[in-house]
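First the structure, in the form of structure tokens, and then the observations on it.
Counting starts at 1 for both ligands and their atoms, in listed order.
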Amino acid sequence: MSSIEQTLSIIKPDAVERKLTEKIKEKFLENKLTIKNQKKIQISKEEAAEFYKVHQTKPFYDRLCSYLSSGPIVVMILEGEKAITLNRKIMGATDPKKADDGTIRKEFGISIDKNSVHGSDSTGNAKKEIEFFFK
Ligand code: UDP
Ligand code: MG
């Protein structure tokens, strides 16, 4: 049974700054995801705080929100068969040190906070996150 999904991807400030946008997009395309919509923007710390609200009790929350709003980001809607799980696989583990070979975070991530990409983790969050940036 086919299950075409959409998921939200963000190329984070560390990767945009290092001009890795095209290389990262290539990873999605070569893994059969298509980019349905994309824009380069910079968000405020307040917007980052809203976006990452699920993490508001975590010790890294304030740093995370400052970081995501620190420079331009590229937000994209990715679409494809099981896109949510597939994107998470292409991204690799949160900590680049633990990410599998060939993943974006392994190849491009600098540290657990500067890990180059965000990807939705569930159907519900994908819908919310796409609406956050594109509605
Ligand atoms: N993060 C961090 N320190 C941590 C855990 C997470 O700075 O100890 C940051 C990291 O940038 C990560 C984001 O918070 O991408 C969201 O964390 P999550 O656990 O949702 O990881 P992800 O879904 O991005 O793999
Ligand atoms: Mg997450």
Side-chain angles (χ1 to χ4, degrees):
M1 200 184 77
S2 109
S3 49
I4 301 296
E5 297 171 347
Q6 289 192 338
T7 190
L8 184 89
S9 170
I10 303 177
I11 303 180
K12 295 183 179 181
D14 68 274
V16 174
E17 189 184 344
R18 286 178 291 146
K19 307 204 179 329
L20 295 170
T21 300
E22 291 309 314
K23 281 182 183 155
I24 290 173
K25 281 198 230 167
E26 197 52 45
K27 289 273 187 198
F28 299 137
L29 299 175
E30 72 196 16
N31 283 284
K32 299 203 176 102
L33 287 171
T34 56
I35 299 166
K36 298 301 283 184
N37 207 341
Q38 60 182 310
K39 58 185 178 185
K40 189 176 182 181
I41 54 173
Q42 183 161 358
I43 61 173
S44 66
K45 188 171 177 186
E46 290 69 30
E47 288 168 315
E50 180 62 28
F51 178 76
Y52 269 133
K53 213 168 179 174
V54 288
H55 292 303
Q56 64 187 331
T57 60
K58 308 274 174 64
F60 56 83
Y61 180 61
D62 188 65
R63 214 158 28 97
L64 177 61
C65 298
S66 296
Y67 169 61
L68 195 69
S69 56
S70 68
I73 58 175
V74 176
V75 293
M76 289 168 287
I77 300 174
L78 302 179
E79 187 179 277
E81 179 73 23
K82 297 199 169 67
I84 297 165
T85 317
L86 177 56
N87 179 41
R88 298 287 306 187
K89 202 173 158 200
I90 299 165
M91 289 163 58
T94 307
D95 183 352
K97 291 201 292 286
K98 295 178 185 156
D100 289 340
D101 285 348
T103 61
I104 292 169
R105 284 167 164 172
K106 175 75 173 201
E107 282 189 26
F108 305 125
I110 295 171
S111 60
I112 193 163
D113 40 314
K114 294 185 172 178
N115 59 6
S116 300
V117 280
H118 166 85
S120 311
D121 63 3
S122 64
T123 315
N125 284 336
K127 193 166 181 289
K128 275 190 220 157
E129 293 179 359
I130 287 170
E131 272 168 21
F132 184 87
F133 283 109
F134 291 100
K135 293 292 142 67

Item to check | Ion pair check, Arg63 and Asp113, cut-off under 4.0 Å | outcome: yes
Next on the checklist: So that I can tick it off, tell me whether Lys23 and Glu107 are bridged by a salt bridge, with the cut-off set at under 4.0 angstrom between side-chain N and carboxylate O.
Outcome noted: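 No, this pair does not count.
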Checklist entry - With sequence neighbours left out, which residue pairs that include part of residues 1-15 fulfil the salt bridge (Lys or Arg N to Asp or Glu O under 4.0 Å) condition? => result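 Pairs touching residues 1-15 that pass the test: Asp14-Arg18.
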Checklist entry - Under a 4.0 Å heavy-atom cut-off, which residues neighbour ligand 1? => result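 Within 4.0 Å of ligand 1, the protein residues are Lys12, His55, Phe60, Leu64, Arg88, Thr94, Arg105, Ile112, Asp113, Asn115.
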Item to check | Any residue meeting ring pair (Phe, Tyr, Trp, His ring centres under 6.0 Å) with Phe51, in chain and number order, not counting sequence neighbours | outcome: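 Scan of Phe51 (ring pair (Phe, Tyr, Trp, His ring centres under 6.0 Å), adjacent residues dropped) gives His118, Phe132, Phe133.
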Checklist entry - Atom OG1 of Thr103 and atom CD1 of Ile90: how far apart are they, to the nearest 0.5 Å? => result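 Going from the OG1 atom of Thr103 to the CD1 atom of Ile90 covers 10.5 Å.
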Item to check | side chain to side chain donor-acceptor pair (under 3.5 Å) involving Glu79 - partner list, sequence neighbours excluded | outcome: Gln6
